[in-house]
Amino acid sequence: MAVAVVQPTPRHERTVFGHPIGLGVLFLTEMWERFSYYGMRSLLVLYMVNHLFLRPDVGQRVLGFNTVKGVLETAFGPLTAQPLSSQIYGLYTAFVYLTPFFGGMLADRVLGQRKAVVLGAVLMAIGHFLMAVEHLFLPALVFLILGNGAFKPNISTQVGRLYAPGDPRRDGAFTIFYMGINLGATFSPLVCGTLGQKVGWDWGFGAAGVGMVIGLLLYLWGRRYLGIEEQSDDRPALTPARATIGISGYIVGMLVIVAAFMSVFVMPAGLRIGLAVVVAGALVTWLARLPSDERPRVITLFVLCALNVIFWAVYEQQGNTLQLWADRNTNWDLMGWMVPSTWYQSFNAIMIFVFAPLLSMFWLWQAKRNQEPSSVVKMAFGCFLLGISFLVMIAASHGMPLDAKRSVMWLVGSTFVITIGELYLSPIGLSFVVKIAPVRMVSMLMGVWFLANFAGNYLSGYVGTFYEKMPRESFFWLLLAMGAGAGLVMFLISRPLDRAVAAHDRRAG
């Protein structure tokens, strides 16, 4: 795959706190993009369940609604507002994780990273503003999915290219950059959520669009601080015709992929089973043909990816069913002022700010005493913690009438445990892939890791359809069983997986 080369920042160039000014540009761009994403996400399920899907004429008011609902009901039977909204939430967040693979290809082979970022920001801004128009709700989600695919993979990679190879500032730069993600995720529900719930849905979605426009303008203004993006020898010179063909191919290709995925729902059961058998057979054949020194590591990654699907299916309930709990079953009265329930979406981001550095110091303390667990054990512990976090919600919902209100501290306690679990699994998993994947296929296997996020996010939507079909306490027991069960499986297989990693380390050493 061709790679665009960015000239690293010279040492004599202006810096801020020891880092290139370009890092600040990328930090602010990412922060505002995450503001728009999480601001819109904080409202998405509530908008569908409490407003849009309750309208008797929703089929006539929302373009494509009858088609999407018909496809889903073919596979899952009649869907009321909450299960349908859960399915659409799962599909939306799933495709958000799928499109970056193709957006990276668009940048590498046609546009270059910077033009791809601009394209993605424009598409997402259009999508956010279209969310304010009920008739265009589903097309708006498509714009957001397409924009995210072009934006997400190409903003992050520009951070590393601000620095020369071996520059010791690079790791710190990524830490600063990812702070922007959590900063945007922290205050976006406070702004978009408040406007959406207190003023009007269109105000909340419009605010998300404004945030994306601010990010785009900051990026366009600051491009001169990002160094010189050199033309790769493997990528032909960009012409208007080539750009048009590339962008059109990306958009049409992604729409075809989305349509193909949706078509699986209407396939006969026998055909779906046959398709699954073919895919599984192809995977086994491919694994069998790998060199003997690579096969155990690749199998290790595939096993962890499969369990990672379950982690994300449970974790993403924060934006889905737990947001419904926050809205319907939580007391938000603050000295007479009703706090918008969407503020719940800030809890996780705030806790990451607080606990990520503390956990890093704890791991360093363990490492100095040769007590730090392996990466697989850390991920197992994170997945197990995610599951047992729902003990808090089980206690909160025990014997509770459906319309009862509980203290917000139940959500605070549950989110605290979820966040610690996330910190044990998510960043560790990314590092683990890079560590043990064969060099010749590290990018592909990283794509497989994110493909697990795609599957997990869709599964979160499917699991969420049971929220109103089961007693609340039973639903939270289901989530506990999924998360803790996957964690226990990781613990059980951690020794053979650790042996595969150790064998690789010995050969590498």
Partner of Leu480 by side chain to side chain contact (heavy atoms under 4.5 Å, CB included), out of Val314, Leu391, Leu386: Leu391
Passes side chain to side chain donor-acceptor pair (under 3.5 Å), Thr342 versus Gln197? Steps please. CA-CA 8 Å; Thr342 46; Gln197 291 189 282; 2.9 Å; yes
Using the benzene-type ring in the case of Trp, are the ring centres of Phe384 and Tyr424 under 6.0 Å apart? no
In terms of ring plane angle, is the pair Phe35 and Phe187 parallel, tilted or perpendicular, where the classes change at 30° and 60°? tilted
Is there a donor-acceptor pair under 3.5 Å between the side chain of Asn320 and the backbone N or O of Glu316? no
Ring centres of Phe476 and Trp325 under 6.0 Å apart? yes
With distance as the sole test, does Ser474 use its side chain to make a donor-acceptor pair with the main-chain N or O of Met470 at under 3.5 Å? no
Flag, side chain of Arg406 to backbone of Met393, donor-acceptor distance under 3.5 Å: no
Does Trp203 CH2 have over 12 foreign heavy atoms under 6.0 Å away? no
Donor-acceptor check, side chain of Ser346 to backbone of Thr186, threshold 3.5 angstrom: yes or no? yes
Could you tell me whether a side-chain N or O of His135 sits under 3.5 Å from a main-chain N or O of Arg61, the two making a donor and an acceptor? yes
Distance flag, aromatic centroids of Phe102 and Tyr250, threshold under 6.0 Å: no
Using the ring of each side chain (for Trp, its six-membered ring), is Phe261 parallel, tilted or perpendicular to Phe265, with breaks at 30° and 60°? perpendicular
So Thr419 and Asn348, side chain to side chain donor-acceptor pair (under 3.5 Å) or not? Walk me through it. CA-CA 6 Å; Thr419 302; Asn348 176 248; 2.9 Å; yes
Aromatic ring centroids of Tyr462 and Phe466 under 6.0 Å? yes
For ring pair (Phe, Tyr, Trp, His ring centres under 6.0 Å), just list the numbers for Phe454 and Phe95, CA-CA rounded to whole Å, side-chain angles, deciding distance to a tenth of an Å, and then say yes or no. CA-CA 6 Å; Phe454 161 76; Phe95 284 118; 5.7 Å; yes
Is a side-chain donor or acceptor of Asp327 paired with a backbone partner of Ser341 at a separation under 3.5 angstrom? no
Any chance the rings of Phe65 and Phe53 have centres within less than 6.0 Å? yes
Measure from the ring center of Phe347 to the ring center of Tyr344 and say whether it is less than 6.0 Å. yes
Other residues, nucleotides and ligands only: do more than 12 of their heavy atoms fall within 6.0 Å of CZ on Phe143? no
May I have the step-by-step check of side chain to side chain donor-acceptor pair (under 3.5 Å) for Tyr467 and Gln317, ending in yes or no? CA-CA 10 Å; Tyr467 184 68; Gln317 297 303 320; over 6 Å; no
Do Trp312 and Asn457 have side-chain atoms, one donor and one acceptor, less than 3.5 Å apart? no
Considering all heavy atoms, the nearest Met262-Val71 contact: O-CG1, 3.5 Å
Please check: side-chain N/O of Glu73 versus main-chain N/O of Leu79, any donor-acceptor pairing under 3.5 Å? yes
Quick one: do Tyr97 and Phe101 satisfy ring pair (Phe, Tyr, Trp, His ring centres under 6.0 Å)? Show the steps, please. CA-CA 8 Å; Tyr97 278 98; Phe101 175 78; over 10 Å; no
Please check if any side-chain donor atom of Gln345 sits under 3.5 Å from a side-chain acceptor atom of Gln323, or the reverse. yes
Short side-chain to backbone donor-acceptor contact, Ser86 and Gly461, under 3.5 Å: yes
Flag, side chain of Lys405 to backbone of Arg328, donor-acceptor distance under 3.5 Å: yes
In terms of side-chain heavy atoms, does Gln113 have a donor or acceptor partner in Asp108 at a distance below 3.5 Å? no
Distance-only side-chain donor-acceptor flag, Trp410 / Ser397, under 3.5 Å: no
Does any N or O in the side chain of Asn329 come within less than 3.5 Å of the main-chain N or O of Leu402, such that one atom is a donor and the other an acceptor? yes
Are side-chain N/O atoms of Tyr38 and Glu33 paired as donor and acceptor at under 3.5 Å? no
